[in-house]
Amino acid sequence: MMSSPVVLGIETSCDETGVGIVIDGELRANVIASSIDEQARFGGVVPEVASRAHVDAIGPTIDAACERSGIALTDVDAIAVTAGPGLVGSLLVGVAAAKGLASGLGVDLYGINHLAAHVAVDEMEHGELPDPVIALLVSGGHSSLVLLEGDRIERLGQTLDDAAGEAFDKVARVLGLPFPGGPHIDRAAHEGDPSAFELPRGLAHDPDHRFDFSFSGLKTAVARLITSLGEPVSDRQVADVAASFQEAVADVLSRKAVDACRARGVDHLVLGGGVAANSRLRALSGERADSAGLILRVPRPDLCTDNGAMVAALGARLIRHGVAPTSPGFPATSSMPVTSVAFS
Amino acid sequence: MNMNPARVLAVDTSGPVTSIGLGRAGEPGFAVAEEGGRKHAEVIDELMQQVLEHLAGQRPEVIAVGVGPGPYSGLRVGIAFAIGLGRAWQCPVVGVCSLDAIAWANVARRAVPSEFVVTTDARRSEIYWARYDTSAMRIAGPQVMSRDLIDFDAPVISEQRVDPGITAAQVSRFIGEGFTPMLTTDTWAPHGADGSDVVVPRGPLLAPHPLYLRAPDITISAKTPASGAS
Ligand SMILES: [Zn+2]
């Protein structure tokens, strides 16, 4: 077993091309090229645009990560790559590049689960994670509550419709705020009153979906609310709607996450995904975790969004746990088996 | 100075077949391929294992990759793989138009008495095509056009036979003859609005960048299927 492995991680599951390098458990590079500016023209992620951007960005992003970390590719001991879940066309670019790198370098390759990587990245900031741990993963692409135990990942709950980040984007559009909606709503909400409007909490009391989420009703309620306010909508009203919407999302997410920890007897909760950067979600999760006697761990914002560091971090964790590398021939898949942290 | 012709590794995923080959000028060496069924990204590293065994520790000096035209997702697998391999081996990666590769294989197999056209299926009742002289140098295209709108006055080869060993040998020959890879992508519109507006450099060695020939479909989708990442 490698004593201080150099692990290079590649992430291309959505619209960021990310390459990270972890050396001896320490994050040494985290380079991201994003097609977000291109995507902003369309107000959402266009899969073909994302795939085109990945293939152009992958080589330069690998180069930049090596330069940043001060290593040569020949120093790399193992490659990890997101094999799913995500957009297949995007995943394929990262998986193919990783296979080219690994076969050229003659090193081990790990095809890993994107959701597990969102959890593992916290080790780069706050040290080794306890086992088991529960994670709330919320972004433009996913909203899941997962339990990570050993090399197994269990999905406790998920969104039944929109992802949390998608709800932010759609509500931002209704409010006339730019894409991506998350940071803009967060900013507007600072000036607003979170109790100004009563908005629905989807599935809050549905025993059949105790850990699942639903944001489409909330999104519709906001659209209806804006219409009822009539034109023109004042800055004050925008701030109040943003704050009330954000409160509803943070309330239901943090409540269910803490409830899941209690139900499974797990005392560590990790937040991950782009929406974990939301100030209200962080604050409310902190308060609720505190009063439930849980320890909340939230990676810094640039590690919460999709990046290569999280993939390298999970790769390093798998090596540390003695997990065998993935055999050649593994696919890129939109629906990675939820039980697998890595393909075997 | 090394006077031996460069040994080239060629990869192509522009059609249903994933193929990797080795060759140098005048010496198409070795080729492995897997047809249909399993996807490019799943077979490419297994094929590469066979190539590595054949190489027995030696390293090619140049990587050539088919840049299409062809179905985009598959195409990008070969290109991304070649880019990764090129980074690992620290060697240049050049793109070749996959229709050129079919033309080279055609001329290598038999004497060709006249100009000819290579076509491949572009779906949506369209074809990709390019026209070649008797030595398989491209003289027109590639373009994408409706099948019904085009009537070629030259023999048409419409089977997709990229032989990566022949591609590798041919690329090696071009390098020996001093052809410079046209490594800029700004000589054509990578996101070109429609086929007729796309200008592809005449030289046979291109950037490792897909020849899309069509603008992207602007379908904003949920990022992932509900069964997937959600
Ligand atoms: Zn993510």
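Just so you know, these numbers come straight off a predicted model, no measurement behind them. Below, read A as the first sequence line, B as the second, and so on, with proteins coming before strands; counting in each chain starts at 1.
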*Under the side chain to side chain contact (heavy atoms under 4.5 Å, CB included) rule, what do B:H40 and A:L92 come out as? Steps first, then yes or no, please.*
CA-CA 9 Å; B:H40 304 97; A:L92 281 171; over 6 Å; no

*Considering only NZ, NE, NH1 and NH2 on the basic side and carboxylate oxygens on the acidic side, decide whether A:K99 and B:E42 come within less than 4.0 Å.*
no

*Out of A:A332, A:P328, A:G329, A:G104, which one racks up the most heavy-atom pairs below 4.5 Å with chain B?*
A:G329

*Could you tell me whether a side-chain N or O of B:R87 sits under 3.5 Å from a main-chain N or O of A:D63, the two making a donor and an acceptor?*
no

*Count the heavy-atom pairs under 4.5 Å between each of B:R76, B:E46, B:R59 and chain A, then report the option with the highest count.*
B:R76

*Non-hydrogen atoms of chain A under 4.5 Å away: do they reach the side chain of B:V43, the backbone, both or neither?*
neither

*Could you pull out the closest heavy-atom pair between B:G84 and A:L101, with the gap in Å?*
O-CD2, 3.4 Å

*Given side chains that start at C-beta, do those of B:P210 and A:V55 come closer than 4.5 Å, heavy atoms only?*
yes

*Flag the one option from A:G106, A:G84, A:S103 with the top tally of heavy-atom pairs under 4.5 Å to chain B.*
A:S103

*Quick one: CG on B:D45 to CG on A:L109, what's the gap to the nearest 0.5 Å?*
7.5 Å

*In terms of heavy-atom proximity below 4.5 Å to chain B, should A:L105 be classed as side chain, backbone, both, or neither?*
both

*What pairs with B:Y72 under ring-ring contact (aromatic ring centres under 6.0 Å, His included), at least two apart in sequence or on another chain?*
B:Y212

*Closest approach of A:G89 to B:S73 (non-hydrogen atoms, all atoms of both residues)*: CA-OG, 4.2 Å

*Option in B:L52, B:L47, B:I44 with maximal non-hydrogen atom pairs under 4.5 Å from chain A*: B:L52

*Is it true that atom CD of A:E67 has more than 12 heavy atoms of other residues, nucleotides or ligands lying nearer than 6.0 Å?*
no

*List for me each residue that meets ring-ring contact (aromatic ring centres under 6.0 Å, His included) alongside B:H54, sequence neighbours excluded, and say none if there are none.*
B:F30

